[in-house]
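All values derive from a computational prediction rather than experimental measurement.
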Amino acid sequence: VGFGGMGDVAGQCSPNLDVGSQFSFPTEARCPPGVTPGASSGCAWGDAVHVRTVRAACLLNERGLMAACAREVGHAPFSEAARIWAAAFASDDPARGGCPEAPASGAIVI
């Protein structure tokens with residue numbers, strides 16, 4: 001999904017290098033276990049595995065993702081935001097940019 005990018009058709013179905021793209025994974029398009037996504041299978045994604053759950057407040061506020069995104073709007077590839085995201089999920093150690101494990105309720109699940 002494009003968000004007003006400078007590419008053809010505002011970045012929809014074309015490179016969206018200035019503001020990036022968002023990808024959605026609707027439940028209706030999930031493949032049954034063991035089925036490969038594709039036109040012939042009638043499904044688009046599968047084999048998702050829960051890795052970690054962290055509090056949105058940790059990721060957005062405490063680790064600074066919200067501020068990084070604001071600074072990087074229009075400046076893809078959003079390197080600072082990507083670094084913050086990866087570090088938050090890679091560790092539960094705040095000294096390493098990590099966020100502690102959280103219950104799934106009210107959290108971002110990846």
(Q) Measuring only between side-chain heavy atoms, which start at C-beta, is Arg63 closer than 4.5 Å to Cys58? (A) yes
Q | Taking every non-hydrogen atom, the tightest pair across Pro32 and Cys43 | A | CD-SG, 4.4 Å
Q. Does CG in Asn61 sit with more than 12 non-hydrogen atoms of other residues, nucleotides or ligands closer than 6.0 Å?
A. yes
Q.
Could you tell me if the side chain of Val73 sits less than 4.5 Å from the side chain of Phe78, heavy atoms only?
A. no
Q. Hey, does the side chain of Arg52 reach the backbone of Ala88 with a donor-acceptor pair shorter than 3.5 angstrom?
A. yes
(Q) Can you give me the closest heavy-atom contact between Cys31 and Pro37, atom names plus distance? (A) SG-CA, 3.6 Å
Q) Is a side-chain N or O of Trp45 found less than 3.5 angstrom from the main chain of Pro26, in a donor-acceptor match? A) yes
Q. Any side-chain heavy-atom pair from Pro100 and Val54 closer than 4.5 angstrom?
A. no
**Q.** Donor-acceptor pair, side chain of Arg30 and main chain of Ala44, under 3.5 angstrom
**A.** no
Q. Quick one: side chain to side chain donor-acceptor pair (under 3.5 Å) partners of Arg71, sequence neighbours excluded?
A. Glu80
Q) Got a second to check how far Ile84's CD1 is from Leu60's CG, nearest 0.5 Å? A) 10.0 Å
Q. So, does Glu101 use its side chain to make a donor-acceptor pair with the main chain of Asp92 at under 3.5 Å?
A. no
(Q) I'd like to check Ser41 versus Val35 (side-chain heavy atoms, cut-off strictly below 4.5 Å). Are they in contact? (A) yes
